[in-house]
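Okay, so here's the structure we're looking at.
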Protein chains: 2
Amino acid sequence: MDERVPRDFETLRTTILERRHSLPKRIAQIAAYALDNPDDIAFGTAASIAASAGVQPSTLIRFAQQLGFDGFTSLQLVFRERLRERNSSYDERLAALRAKAEEGAGHRAIFDGFVAAASTSLNDISGRLNEDHFEDAIALLAKAETIYVLAKRRSYPVASYIAYALGKLKIRNQLIESAAGLNAEMISFASPRDAVIAISFSPYAPAAIEEARVISEQGVPIVAITDSSFSPLAQFAKVWFEVAEADFAGFRSLSATMALAMALTVAVGEKRRDAGRKRKT
Amino acid sequence: MDERVPRDFETLRTTILERRHSLPKRIAQIAAYALDNPDDIAFGTAASIAASAGVQPSTLIRFAQQLGFDGFTSLQLVFRERLRERNSSYDERLAALRAKAEEGAGHRAIFDGFVAAASTSLNDISGRLNEDHFEDAIALLAKAETIYVLAKRRSYPVASYIAYALGKLKIRNQLIESAAGLNAEMISFASPRDAVIAISFSPYAPAAIEEARVISEQGVPIVAITDSSFSPLAQFAKVWFEVAEADFAGFRSLSATMALAMALTVAVGEKRRDAGRKRKT
DNA sequence: TATGGATTGGAATTATTATTTCATATTGCC
DNA sequence: GGCAATATGAAATAATAATTCCAATCCATA
């Protein structure tokens, strides 16, 4: 074996792609197969791989030799190394983190627990977002004159970030909170041309539910982020999202809710900008 | 092979863990090795694995047979299948999400972008948390009479969640915000027996920095969460954490900061509970 | 279209590897 | 402490797989 033998998969891949056109027919055939089915090369036997690729075992060995390996076995090692070095899967990683958090005492375990909860929530929502609802919500919010943001207690941080972001995007918005106890008045200004983003999770803060009820009775459309279809918030909402946040030590992660909230906000900003551009042309 | 042979890795794992204590010594030894080094089982030869685990090849085969396989080869298939089926790596997954977010237009891409940003941030902080600083911060906060929470603008949601959690844990705290413009007075009440959690990221909100300066001059110890050692917040802090939050569309993720903040809060709660218990006994 | 060189197929050979066997050691039980 | 049952070690054997070899085929070139 000379010194230029590819030792890692990426180098090997590049080498094969470079030489692709100067390779004899059957060798090229096995080369293509190898890049398309690297797992098969890693696990199979020379005979089984050759059969799958439609060539003779000897061709497979010639292929390896052309690349500078002294036989199929050494070529196969590269393909195995690739699988070995590939990081552990997302799920395993999470499971490990969660396990450490559960069994392990100590403060580090607490930290791991929160990271795991946040990751789990993100992972979950990433696969579950209903795109139609998402589009509906964006459309609804994009045409609102003022966006009211409603969330209490543990959901409040999300609301405050939404309000911050909407402000940055120059979208008129009103966070429903008032040190002076003027929430009811604030709500009474909302009209059907406005819209609400309401966020509440079980146990639903009574104030949030009550305010959502009032505001929906005024005909203001509500986009809700909540945790189940039984949520009282869902019944008042035009569009609602179910977000399952994992919790740790009694505190729910907000990461998935945050990601959704930010996506909604920025998407609304984009949609408005597009609409504005259209009107001008 | 009877019908109860584990065909997937998880089942196999569970089976092994169940029987762990009823297995003969050497078999148990190889069982432990198998669960600790699944990749070696997938790729190695019976002889090489046996050598690494410090047993004879025949023991390895007996182990496989105990589990219902008819030999090492069929056991090995399960370990190989695991590698095959294992999802793409965490990094690959994130890269895919990010790529989709960048190239892809549409609103779904925005959502993916925020999820990717949050995941990246969590992943990053998970490996970088300095445990010594973490312990120091917890000790410092646990002995404070009142914990002041200071954060403005984009960091404010984190502060509000900390305040919520501290309240839930019955830890006296004060969020430094005042609609009536009384922040300066609020700060003046803080004493060296209190402590501050301050959060600020570039571009540092001037108000946050100024308040941190004043409060540190009063001798109140500060735990800071910020983004670099050049942060003006770091110079006022007794302990500080560097958190690198990924951003998307101009908005920074808060997921890592949130996780750290919650971990701090809960850890402080635990430490106080422990200390209280000790004093009583 | 004839010729030399390169390529390919298939079987024979060699090597490696899993499995079995049997002697020995260990353990649990009366 | 002795006996049977179980577990272990080491080497022999069987199975499987990689590699080699050679004849057949293909292809480019004169």
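Every chain is numbered from 1 and lettered A, B, ... according to where its sequence line falls, protein lines coming before strand lines.
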| said: Evaluate A:Arg13 against A:Asp8 for salt bridge (Lys or Arg N to Asp or Glu O under 4.0 Å), listing each step before the verdict. | reply: CA-CA 9 Å; A:Arg13 206 181 111 82; A:Asp8 64 286; over 6 Å; no
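- The side chain of A:Phe72 has D:dT19 as its nearest neighbour among C:dT8, C:dA18, D:dT19.
- Here A:Gln65 lies in heavy-atom contact (under 4.0 Å) with sugar-phosphate atoms only.
- Proximity of a side-chain donor or acceptor of A:Asp227 to a complementary backbone N or O of A:Ser202 within less than 3.5 Å is detected.
- C:dA6 atom C1' lies 14 Å from atom CG of A:Leu23, rounded to whole Å.
- Between the C1' atom of C:dA18 and the CD1 atom of B:Ile49 lies a distance of 11 Å, rounded to the nearest Å.
- Looking at heavy-atom distances under 4.0 Å, B:Ile27 makes contact with sugar-phosphate atoms alone, never a base.
- If you take CG of B:Asp70 and P of D:dT16, they are 11 Å apart, rounded to a whole angstrom.
- No donor-acceptor contact under 3.5 Å links the side chain of B:Thr45 to the base of C:dA18.
- For the pair A:Gln56 CD and C:dT8 C1', the computed distance is 8 Å after rounding to whole Å.
- Which of D:dT8, C:dT8, D:dT20 sits closest to the side chain of A:Lys25 comes down to C:dT8.
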Please table the atom pairs, donor to acceptor, closer than 3.5 Å between any side-chain atom in residues 263-270 of chain B and protein atoms at least two apart or in another chain.
unit_1, atom_1, unit_2, atom_2, d
B:Thr265, OG1, B:Ala261, O, 2.7

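- A:Ala42 and A:Gln76 get closest at one heavy-atom pair: O-NE2, 3.4 Å.
- The separation between A:Leu60 atom CG and C:dT7 atom P is 17 Å, rounded to whole Å.
- Separating the CD atom of B:Gln29 from the P atom of D:dT8 is a distance of 9 Å, rounded to the nearest angstrom.
- OP1 or OP2 of D:dG9 sits under 4.0 Å from a side-chain N or O of B:Arg26.
- Within the 4.0 Å cut-off from OP1 or OP2 of C:dT8, not a single side-chain nitrogen or oxygen of A:Ser58 is found.
- Counting atom types as modelled, B:Thr59 pairs no side-chain N or O with a base atom of D:dG9 as donor and acceptor under 3.5 Å.
- The separation between A:Ile30 atom CD1 and C:dT7 atom P is 16 Å, rounded to whole Å.
- Straight-line distance from the CZ atom of A:Phe63 to the P atom of C:dG9: 15 Å, rounded to whole Å.
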Check residues 243-251 of chain A and write down every donor-acceptor pair under 3.5 Å in which the side-chain atom is one partner and the other belongs to a residue at least two apart or another chain.
unit_1, atom_1, unit_2, atom_2, d
A:Glu245, OE1, A:Ser121, OG, 3.0
A:Glu245, OE1, A:Ser253, OG, 3.1
A:Glu245, OE2, A:Ala256, N, 3.1
A:Glu245, OE2, A:Thr257, N, 2.7
A:Glu245, OE2, A:Thr257, OG1, 2.6

